[in-house]
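For reference, the structure is listed below as structure tokens.
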Amino acid sequence: MSELPAALRLPVDEAAPALLGHTVTVGDCAGVIVETEAYHETEPACHAYVGRTSRTEVLFHAPGTWYVYRSYGIHALLNAVVEEEGVGAAVLIRALEPLRGLDAMRARRGVTARSDFDLCSGPGKLSQALGFDLEANGTDVLGGPIRLGPPPPGWTSLDVLAGPRIGITKATELPWRFSVAGNRHVSRPRPAG
DNA sequence: CATGGGATTGACT
DNA sequence: GTCAATCCCATGC
């Protein structure tokens, strides 16, 4: 029996950096989280800012649920729901360092992934590499198709960089993008530091 | 019911 | 650097 990672019990701006180093596993493929962003219902960049709707419903669930939504009509973006039931908050998983199943990831990513640094170095890329889609929305982070696990040996006490979030137009002043310092699997643009 | 805007990526100038 | 692809869903008439 695995337990819900303690990081998911933290406020979202602490949960996001705390999830760095944790693993995400789908079937035979796995990666280590190297980049995250925090989103909270009290700031307008968060989908939950508009309140409970059919789209945002999952964001208000208890910690331990995945929120997966379609971005730009093309990509599935993966978020871990955090904070107490009734509060809309989630951590966007933006990049992974591939750990297992790299051949399957390369096959799904195709020729556009010229190197292993292109496999999971972005929120849309990692969903394609791991092979999940919107059907995973609302599933459990422990018992569902996408499983969140603790950091492997050597992935604790990481040096974390914080900076402004990517690709949003509102609340850009919040330093809620977090990444493992110096890790080459982080998405572009690289955070300063 | 029609419209418009993305928590992105990859191809192209 | 610019830009299109593509679809879910919130909003407004």
Side-chain angles (χ1 to χ4, degrees), chain A residues 8 11-20 24 31 33-61 63 65-83 87-98 105-139 141 146 148 161-180 184-191:
Chain A
L8 293 183
V12 68
D13 58 318
E14 297 175 28
L19 278 172
L20 296 173
V24 174
I33 299 171
V34 296
E35 181 183 355
T36 59
E37 284 178 357
Y39 287 89
H40 192 270
E41 63 176 23
T42 53
E43 46 90 12
C46 182
H47 292 168
Y49 187 67
V50 299
R52 274 204 202 230
T53 66
S54 62
R55 180 198 207 187
T56 64
E57 172 62 27
V58 170
L59 283 170
F60 292 85
H61 287 193
T65 303
W66 294 119
Y67 168 56
V68 184
Y69 73 98
R70 182 154 321 281
S71 173
Y72 291 94
I74 303 171
H75 308 288
L77 268 59
L78 179 68
N79 301 254
V81 173
V82 298
E83 304 210 359
V87 177
V91 176
L92 171 65
I93 311 299
R94 283 195 60 90
L96 305 175
E97 176 169 327
M105 292 186 192
R106 291 187 194 102
R108 278 189 289 258
R109 291 278 293 125
V111 295
T112 57
R114 305 247 181 99
S115 86
D116 290 349
F117 294 103
D118 294 327
L119 290 178
C120 298
S121 57
K125 296 177 185 179
L126 71 89
S127 58
Q128 187 184 19
L130 293 179
F132 65 84
D133 208 334
L134 300 197
E135 296 172 0
N137 187 40
T139 60
V141 302
I146 309 171
L148 181 64
L161 296 180
R165 293 174 294 181
I166 302 297
I168 57 170
T169 57
K170 301 164 197 162
T172 54
E173 74 284 358
L174 291 172
W176 278 7
R177 181 199 191 193
F178 305 94
S179 60
V180 175
R184 296 184 59 195
H185 298 272
V186 168
S187 70
R188 305 298 186 84
R190 294 273 179 67

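Since the model is a prediction, treat every value here as computed from it, not as a measurement. In what follows, chains carry the letters A, B, and so on, assigned in the order in which the sequence lines appear, proteins first and then strands, with residues in each chain numbered from 1.
Note on R52(A): every side-chain N or O is 4.0 Å or more away from OP1 and OP2 of dA10(C). Dashed line: the shortest gap from a side-chain N or O of T53(A) to OP1 or OP2 of dA10(C) is under 4.0 Å. Checking the phosphate oxygens (OP1, OP2) of dT8(B), no side-chain nitrogen or oxygen of R188(A) falls inside 4.0 Å. One finds no side-chain N or O of S54(A) lying less than 4.0 angstrom from the OP1 or OP2 phosphate oxygen of dC9(C).
Between T112(A) and A45(A), the residue anchored nearer the 5' end of DNA chain B, judged by the nucleotide with its closest heavy atom, is A45(A). Residue-to-nucleotide proximity on DNA chain C shows that, of L134(A) and I74(A), the 5′-proximal contact is made by I74(A). Where I168(A) and A113(A) each meet DNA chain B at their nearest nucleotide, the meeting point lying more 5' is that of I168(A).
If you measure from atom CG of D13(A) to atom C1' of dA7(B), you get 17 Å, rounded to the nearest angstrom. R114(A) has its CZ atom 16 Å from the P atom of dT9(B), to the nearest Å. Rounded to whole Å, atom C1' of dA7(B) lies 16 Å from atom CH2 of W66(A). Rounded to an integer number of Å, the gap from R109(A) CZ to dT8(B) C1' is 11 Å. For R55(A) and dC7(C), the CZ to P distance is 15 Å, given to the nearest whole Å. Remark: P of dG10(B) and CG of L119(A) are 11 Å apart, rounded to the nearest angstrom. Distance, I166(A) CD1 to dT9(B) C1': 14 Å, rounded to whole Å. If you measure from atom NE2 of H47(A) to atom P of dA10(C), you get 10 Å, rounded to the nearest angstrom.
A side-chain donor-acceptor contact under 3.5 Å links S127(A) to the backbone of G124(A). At least one donor-acceptor pair closer than 3.5 Å links the side chain of R165(A) to the backbone N or O of A171(A). Judged purely by atom type and a 3.5 angstrom limit, E83(A) uses its side chain to pair as donor or acceptor with the backbone of V12(A).
Closest heavy-atom contact between W66(A) and V58(A): O-CG1, 3.5 Å.
Out of dT11(C), dC8(C), dT8(B), the shortest distance to the side chain of R70(A) is found at dC8(C).
Pair assignment for dA7(B) gives none, since no Watson-Crick or G-U wobble pairing has each distance under 3.5 Å.
dA7(B) has its base stacked against the ring of Y39(A), the centroids being under 5.5 angstrom apart at an interplanar angle below 30°.
Below the 3.5 angstrom threshold, one finds no donor paired with an acceptor across the side chain of Y72(A) and the base of dA7(B).
No contact: R165(A) has no heavy atom under 4.0 Å from any strand. Residue-level contact check: R177(A) touches neither bases nor backbone, having no heavy atom under 4.0 Å from any strand. Using a 4.0 Å heavy-atom criterion, one finds that S187(A) contacts no nucleic acid atom at all.
A side-chain N or O of Q128(A) and one of R109(A) form a donor-acceptor pair less than 3.5 Å apart.
Atom OH of Y49(A) sits in a sparse spot, with 12 or fewer heavy atoms from other residues, nucleotides or ligands closer than 6.0 Å.
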